[in-house]
Amino acid sequence: MTNKNSFNLLELSKLINTKLIGDGKAIVDNLSTIQDANESSITFISNTKYSKHLKTSKAKAFIVHPNILEEGIEANFLVSEDPYLAYAIASSFFKPNESSRKSESIHPTASISDDIKLGKNVSIGPNVYIGPNCTIGDDSSIKANTSLVSNVHIGKDTHVHNGSVLGSDGFGYAPSPNGYVKIEQLGNLIIGSSVEIGAGCTIDRGAIGDTIIQDGVKLDNQVHIAHNVELGKDSAIAACCAIAGSSVIGNNFRMGGLSGVLGHLSIADNVTVGAHTLITKSISKSGEYIGIMPAQRPKDWAKSSIFIKRRK
Amino acid sequence: MTNKNSFNLLELSKLINTKLIGDGKAIVDNLSTIQDANESSITFISNTKYSKHLKTSKAKAFIVHPNILEEGIEANFLVSEDPYLAYAIASSFFKPNESSRKSESIHPTASISDDIKLGKNVSIGPNVYIGPNCTIGDDSSIKANTSLVSNVHIGKDTHVHNGSVLGSDGFGYAPSPNGYVKIEQLGNLIIGSSVEIGAGCTIDRGAIGDTIIQDGVKLDNQVHIAHNVELGKDSAIAACCAIAGSSVIGNNFRMGGLSGVLGHLSIADNVTVGAHTLITKSISKSGEYIGIMPAQRPKDWAKSSIFIKRRK
Amino acid sequence: MTNKNSFNLLELSKLINTKLIGDGKAIVDNLSTIQDANESSITFISNTKYSKHLKTSKAKAFIVHPNILEEGIEANFLVSEDPYLAYAIASSFFKPNESSRKSESIHPTASISDDIKLGKNVSIGPNVYIGPNCTIGDDSSIKANTSLVSNVHIGKDTHVHNGSVLGSDGFGYAPSPNGYVKIEQLGNLIIGSSVEIGAGCTIDRGAIGDTIIQDGVKLDNQVHIAHNVELGKDSAIAACCAIAGSSVIGNNFRMGGLSGVLGHLSIADNVTVGAHTLITKSISKSGEYIGIMPAQRPKDWAKSSIFIKRRK
């Protein structure tokens, strides 16, 4: 854990909006798991199954829910109704200082089109490629080895992680007697504010019309979003998912890893899709949807497979 | 929509091989969806469910099937038996001029092996890496941040999109008492002409012998093709698919997203595989194959899961 | 096949630890499949179904199992109880000399943090980005267009292929009334020795605590490993798999392509997971687990799908 930040518990409790119980002058200089904590660590308990480590942990202080206090253990506590959120806020204070966030910089190895429009405090990393007709808003960052191909418009405080490709050609071809004819991709990719796009993602620009990623969306690594998709506000998609072309997805959509949504579908707000699941039809009701084939021993799987095919 | 191209309908109707009905002097300067069209847009109707927008659309002209004319609406029409194909052809005339296609250029940040053999009008983008023993044919392009590792031979008018890796080591190891022993990958990756490879794809070169991608193949983003695969002419593979080693796949293969083909299989011509489906056996008959586990509400899925495992 | 290496069979038989039967002075200068062999090829038969090609192959010599000798065919043989392993060892002698392996070099286009700690004979390719707090051990290589984001510690003789992203931010957010709050990722990514990481992979560093990839692990292309995963020694994972956060996986884990493991699970040693399979529960017993939905013709699949949902 490398950081140069240390805090006394009184100031930290205020910074992360928690109630201090214990020694406000005690110093912490790192954020750790409860098992790996040292004498200057602060840690957290967001799941009560970890509370058993409270007595043996070396940590100087614990971010906890009020319930934990009922156990009567003597320690320094920073108490929150939502200790996981308090931990998330605390994490920002233990970030190494060398982070490039919030500092304006365009790396000299980046290749950037002359017509780019940049906000304030934009950071563009090494070997980034930015093609024509792109805009990047204030406080946003594009990490190393990422490509913005063309017509990509990014809002504020949005971060694109390494090796991603945004605004690439959508997969559009018209069959013809002489093979496929490419449909030139003339639209835009519009990405909102406070969006985070993981490493190795691909998001295509629109064919005609636009691909739209609304504010607050979080994509894990290796997610693919096809042309003309609209992805609603505050959606969160886990690794290796794919959303096919022209699907319109509501707010607060969540999807587990290795899952997909077919093209031209409409998905309501507040839908959650399990991991390794494919959505093949439009969904009009919020809630959870799962389509995982159960894993079994080979002999049992072979029998289930025959059962599914024979249907009796 | 950024482009500097405008056409009168008479010239455009000829360029895209359609029959003009209406005002040949009318000018259009952009290609749009029927809903988003403005007064100088041309749009298209390839699906009759969109014909309801005909009366209210602001578009100057419509690419349509002759059937649409029977509705008796007054407008400028470019009529084609295949309006989707006519739209595809039209799209090439509305491409922004700044496109790097068809212009010869090797970006100064590209790192290219001395022994490369290049055709005419090849475009190589920023931060491209090209290792030893590679060939690129006329009018082909390698987009920014792509790697051609070694032994990659690419035909004419073939385009490799951003962040892809071609000719990488295949996944070959022999188990031994001391752990896995790497099998050096000595073969080539041969890619035909008129091929398009999406962003973030990986295609390995052969172990011994070659990986072969035939003419006219179109790969969407994040597709993986393993060593010694042969993929037939005019095949089209959607995003996030994987084909395992040494499988030999016929012409006109199509595969939906998130699907796969196991290794050492043989697949006939004209096979279509659904999305999120795994092909585990060789296929000798053309046609469609699907293996999607249906998505359900969690309670229903849990019951189905038990049913599958109990097989009664 | 490009290489400048030729051997007489006596020396080659010793180099790859096999027994020579035949002409020790015969020269071979390439390693080939049995069908594609020419008059100076050495080839191998690891699967008896290929032994039918023995009589017609042009190869100068054959790496074979002793069983093959019983067929009484006259040829030059290099005999091994494990011909596939002998082939793997032989492959290293037919590698082209231009390989960058084992030669120390940092490409001038690489962007590397000042605080990097490098062992001997490390090779860093073009357009590689290496951020703060990274270590790379002796004889390891980082191929072109790869990013090591921060806090990545790599052992000896470990090779990271093109376009991969290591040490990226894990996917960690705490829900709040104002949308997701990012959890800063403060941990490390620790990768052992003799590890191989394919092209286009993403491996996140720990949130707090570390992501750990043990010695001898082999990852195919486009594999995703989330934060705080521990992956045991000599594990091998095929293309396009994903392992979710905090799962702890034993030694000799194997997983077919397009498969996944959910988060916070514990997997025993010597577990093998089929392709296109999701592991949703911890596994305490070694052995094989499969969860593939069988692929069928559309009509049959539709009936099976209804059967699964109706459960009768």
Side-chain angles (χ1 to χ4, degrees), chain A residues 109 111 127 129 131-133 145-147 149-151 163-165 168-169 171-176 179-187 200-202 204 207-209 222 224 226 240 242 244 258-260 262 273-274 277-280 287-294 296 300 303-304 307-308, chain B residues 1-3 30-33 35-36 43 82 84-85 87-89 91-92 94-96 98-99 107 109 125-127 143-145 161-163 194 196 198-200 215-216 218 220-222 233-234 236 238-240 256-258 275-276 292-298 301-302 305 308-309 311-312:
Chain A
T109 60
S111 299
N127 312 318
Y129 166 71
N133 193 26
N145 292 323
T146 283
S147 299
V149 179
S150 74
N151 304 7
S164 284
V165 181
S168 35
D169 281 18
F171 195 59
Y173 302 91
S176 89
Y180 291 106
V181 173
K182 183 173 176 77
I183 298 168
E184 295 298 335
Q185 304 290 301
L186 305 172
C201 289
T202 55
D204 292 337
I208 47 177
Q222 298 195 44
H224 168 70
C240 302
L258 295 160
S259 291
L262 288 188
V273 174
T277 292
L278 184 71
I279 299 302
T280 58
E288 202 172 345
Y289 297 82
I290 307 179
I292 300 167
M293 176 74 177
Q296 300 177 82
D300 293 328
K303 286 178 193 164
S304 291
F307 176 69
I308 287 170
Chain B
M1 201 101 5
T2 63
N3 72 76
N30 74 83
L31 181 60
S32 171
T33 61
Q35 297 102 315
D36 294 339
T43 184
D82 188 343
Y84 192 64
L85 177 58
Y87 151 59
I89 297 168
S91 72
S92 69
F94 291 99
K95 244 176 87 176
E98 61 266 42
S99 165
H107 197 275
T109 60
N127 312 317
K143 310 294 187 195
N145 292 323
H161 291 272
N162 305 65
S194 301
E196 199 133 356
D215 291 352
K218 312 296 181 190
D220 199 352
N221 298 341
Q222 299 196 42
K233 220 179 140 182
D234 290 327
C240 302
L258 295 161
H276 214 269
I292 300 167
M293 176 75 178
Q296 298 176 83
R297 294 299 200 144
W301 168 77
S305 188
I308 287 170
K309 288 194 282 188
R311 301 180 289 278
K312 59 185 182 189

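Just so it is clear: chains get the letters A, B, ... in the order the sequence lines come, proteins before strands, and each one is counted from 1. None of these values were measured; they are calculated from a predicted model.
- To the nearest 0.5 Å, the span separating OG1 on T146(A) from CG on N145(B) amounts to 7.5 Å.
- Distance NZ/K182(A) to OG/S92(B): 11.5 Å, rounded to 0.5 Å.
- If you measure heavy-atom distances from Q185(A) to chain B, you find no contacts under 4.5 Å at all.
- The contact between S147(A) and chain B is made by backbone and side chain atoms together, counting heavy-atom distances below 4.5 Å.
- Contacts between T109(A) and chain B at a heavy-atom distance below 4.5 Å involve the backbone alone (N, CA, C, O).
- Closest of all the heavy-atom pairs between Y84(B) and A174(A) is CD2-CB, 3.7 Å.
- Comparing A302(B), G125(B), G200(B), P294(B) by how many heavy-atom pairs each has under 4.5 Å with chain A, the most go to P294(B).
- Contacts between S164(A) and chain B at a heavy-atom distance below 4.5 Å are absent for every atom of the residue.
- Side-chain contact check for P96(B) versus N133(A): every heavy-atom pair is 4.5 Å or farther apart.
- In this structure, chain B has heavy atoms under 4.5 Å from both the backbone and the side chain of E288(A).
- In this structure, the portions of S304(A) lying under 4.5 Å from any heavy atom of chain B include both its backbone and its side chain.
- Contacts between V181(A) and chain B at a heavy-atom distance below 4.5 Å involve backbone atoms as well as side-chain atoms.
- At distances below 3.5 Å, at least one donor-acceptor pair connects side-chain atoms of N127(B) with backbone N or O atoms of N127(A).
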ask   = K218(B) and F171(A): side chain to side chain contact (heavy atoms under 4.5 Å, CB included), yes or no, with the steps?
value = CA-CA 8 Å; K218(B) 312 296 181 190; F171(A) 195 59; 3.9 Å; yes

task = Test H161(B) against V165(A) for side chain to side chain contact (heavy atoms under 4.5 Å, CB included), laying out the working first.
result = CA-CA 9 Å; H161(B) 291 272; V165(A) 181; over 6 Å; no

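- In this structure, H276(B) contributes its side chain and L258(A) its backbone to a donor-acceptor pair below 3.5 Å.
- The shortest distance between side-chain heavy atoms of Y289(A) and Q296(B) does not fall below 4.5 Å.
- For the pair W301(B)/T277(A), no side-chain contact is recorded, criterion being any heavy-atom separation below 4.5 Å from C-beta on.
- In this structure, the portion of S111(A) lying under 4.5 Å from any heavy atom of chain B is its side chain and not its backbone.
- Interface summary for chain A: among D234(B), I292(B), D220(B), the most heavy-atom pairs under 4.5 angstrom belong to D220(B).
- Put simply, of I308(B), T33(B), D82(B), D215(B), the one with the most heavy-atom pairs under 4.5 Å next to chain A is I308(B).
- Counting heavy-atom pairs under 4.5 Å between each of G257(B), G216(B), A239(B), G163(B) and chain A puts A239(B) at the top.
- Ranked by heavy-atom pairs under 4.5 Å with chain A, the first of M293(B), K312(B), H107(B) is M293(B).
- For the atom pair NZ of K95(B) and CD of E184(A), the computed distance is 4.0 Å after rounding to the nearest 0.5 Å.
- The two residues A275(B) and L278(A) come nearest to each other via the heavy atoms CB-CD2, 3.7 Å.
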Check against side chain to side chain contact (heavy atoms under 4.5 Å, CB included), F94(B) and I208(A) = CA-CA 11 Å; F94(B) 291 99; I208(A) 47 177; over 6 Å; no

